K.L.:
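Provided herewith is a single structure, encoded as structure tokens, for subsequent inquiry.
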Amino acid sequence: MRKIILSLLAIVMLASVIQTVHPFYGPSESHVTTTKSGSAQTFTLAASFPVVNDTIKVFEVRTPEVTPEYVEEIGRKLGFTGSAGDSNPGTIGMVDEIERRHLQVYMDSGGIWYCVLDKMHPVVDLQPDLPSDDDAESIATEFLHNRDILPEGAVFDRVIADQQITAVKGSDEVVSSYNVTLQAIFARKINSLPVVGPGNKLKVFIGDNSEVVGLFRVWGDIEPYKDVALKMPEAAYDDLVADNVMVAAGDEVTIKEVYLAYWMEPADSRQGCVLPVYVFEGDATNKEIDGIVPFTGYVRAVQDGEIF
């Protein structure tokens with residue numbers, strides 16, 4: 001019997017449930033169900049649209065100037081010595097060869113990636129000694145706070161496990177499964193709305209014996225910029241159907257929730273303004289696997305003609 005070891009990184013999209021009464025836009029409309037055919041998909045709307053204001057505030061991102069000196073300042077907080085220099089494209093980094101630790105700071109965003117190479121995703125034959133979820137929250141919060149890298153407004157959200165699964169090659173038969181590291185994940189709100197997108201990341205990785213073995217922090221500092229005209233949710237839904245979206249996939253889609261959020265770009269992108277999006281969540285059929293998969297689509301919520 002041949003075996004193959006698979007490392008599975010749990011991917012979680014942080015989503016906030018919009019309450020019946022929301023501090024930003026008030027009560028929801030009554031439940032409606034309609035079906036529309038888009039360019040490549042069929043959509044069924046099984047959710048109410050939020051009642052929104054005519055305008056919404058956008059925010060300007062204050063990206064730090066990422067220099068070797070700036071990275072060394074972060075490195076000192078994480079116990080690095082020596083000098084910073086060019087790392088992967090678009091980053092400046094530091095290396096601890098003895099403990100095999102790496103630090104990279106993204107020049108376009110100031111995002112931080114730190115890891116202990118041999119301990120982030122180890123290959124194991126016994127279950128590592130990992131903390132409980134409550135202890136993981138405390139360990140992660142203390143780690144960030146003691147190093148002065150816990151951003152204002154960060155709220156602990158959840159813990160997920162990165163797994164190592166050993167299976168018989170060519171089959172679904174699982175021989176063993178171990179949780180090898182935990183991710184303590186923090187969430188953020190802006191203007192009382194959730195933050196979504198690849199730039200909404202604050203994760204502390206915790207390994208064997210409760211050791212912090214990694215950190216990913218993309219958390220741009222922002223300040224209010226101006227109020228702009230807000231696209232109505234009905235128009236955003238039409239954009240979704242017409243495939244005028246930022247991210248979406250699926251065949252026959254049922255939308256079960258619609259809400260406003262703010263979008264953050266990934267660590268390797270320079271973002272000028274934080275703009276609102278409508279988030280459409282639900283289920284979709286996937287013909288390739290003949291099953292139902294989660295669906296999330298994002299539509300820009302700023303009225304056409306607004307220039308930044």
Side-chain angles (χ1 to χ4, degrees), residues 13-29 48-66 70 90 105-112 149-155 157 186-202 217-240 242-248 257-281 296-308:
M13 295 192 67
L14 302 178
S16 296
V17 175
I18 299 301
Q19 304 296 324
T20 302
V21 177
H22 190 281
F24 181 75
Y25 45 70
S28 297
E29 293 180 348
S48 55
F49 290 131
V51 179
V52 299
N53 297 332
D54 294 331
T55 63
I56 190 169
K57 190 174 295 296
V58 300
F59 294 81
E60 189 173 12
V61 181
R62 292 298 190 186
T63 303
E65 182 182 1
V66 179
Y70 178 83
V105 180
Y106 291 83
M107 297 175 68
D108 283 333
S109 67
I112 300 170
I149 50 178
L150 178 64
E152 183 178 355
V155 178
D157 184 68
F186 294 76
R188 179 184 195 180
K189 286 189 175 183
I190 296 175
N191 200 23
S192 299
L193 296 179
V195 181
V196 297
N200 171 43
K201 296 289 185 294
L202 179 55
R217 180 189 187 272
V218 189
W219 198 282
D221 293 331
I222 62 172
E223 62 181 32
Y225 178 43
K226 66 176 181 177
D227 293 332
V228 299
L230 180 65
K231 182 183 295 182
M232 292 296 100
E234 294 84 353
Y237 180 62
D238 288 341
D239 283 346
L240 179 74
D243 203 25
N244 183 21
V245 298
M246 298 170 65
V247 180
E257 188 174 6
V258 184
Y259 60 92
L260 272 171
Y262 281 98
W263 177 271
M264 296 295 289
E265 296 288 349
D268 58 357
S269 297
R270 183 169 293 275
Q271 185 167 357
C273 287
V274 182
L275 302 180
V277 294
Y278 283 102
V279 184
F280 295 86
E281 293 183 346
T296 304
Y298 304 95
V299 176
R300 290 179 176 85
V302 175
Q303 284 277 26
D304 294 338
E306 293 284 355
I307 304 297
F308 300 94

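All of these numbers come straight from a predicted model, not from anything done at the bench.
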K.L.:
Hey, could you give me the CD1/CD1 distance between Ile222 and Ile190, rounded to the nearest 0.5 Å?
P.N.:
3.5 Å

K.L.:
Distance from Met264 atom CE to Ser269 atom OG, nearest 0.5 Å?
P.N.:
11.0 Å

K.L.:
Please identify each residue that fulfils ring-ring contact (aromatic ring centres under 6.0 Å, His included) with Tyr106, with sequence neighbours left out.
P.N.:
none

K.L.:
Any side-chain to backbone donor/acceptor pair from Glu281 onto Tyr259? Under 3.5 Å, distance only.
P.N.:
no

K.L.:
With sequence neighbours excluded, what pairs up with Pro151 under the side-chain contact (heavy atoms from CB on, under 4.5 Å) test?
P.N.:
Ala154, Leu202, Arg217, Trp219

K.L.:
Got Thr55 and Leu230 here, is their nearest side-chain heavy-atom distance under 4.5 Å?
P.N.:
no

K.L.:
For Glu223, enumerate each residue passing the side chain to side chain donor-acceptor pair (under 3.5 Å) test, keeping only those at least two apart in sequence or located in another chain.
P.N.:
Arg62

K.L.:
To the nearest 0.5 Å, what is the distance between NZ (Lys201) and CZ (Arg188)?
P.N.:
12.5 Å

K.L.:
Carefully, step by step, assess Leu260 and Tyr278 under the rule side-chain contact (heavy atoms from CB on, under 4.5 Å).
P.N.:
CA-CA 5 Å; Leu260 272 171; Tyr278 283 102; 3.7 Å; yes

K.L.:
Please determine which of Val196, Val195, Leu275, Asn200 meets the side-chain contact (heavy atoms from CB on, under 4.5 Å) test together with Trp263.
P.N.:
Val196

K.L.:
Using every non-hydrogen atom in the two residues, find where Ala261 and Val279 come nearest and quote the distance to one decimal.
P.N.:
CB-CG2, 3.8 Å

K.L.:
Students often mix this up, so state it plainly: with edges at 30° and 60°, are the rings of Phe280 and Tyr237 parallel, tilted or perpendicular?
P.N.:
tilted

K.L.:
Quick check for you: to the nearest 0.5 Å, what is the distance between Met232 atom CE and Gln303 atom CD?
P.N.:
6.5 Å

K.L.:
A side-chain contact here means heavy atoms from C-beta on lying under 4.5 Å apart; do Val218 and Pro266 qualify?
P.N.:
no

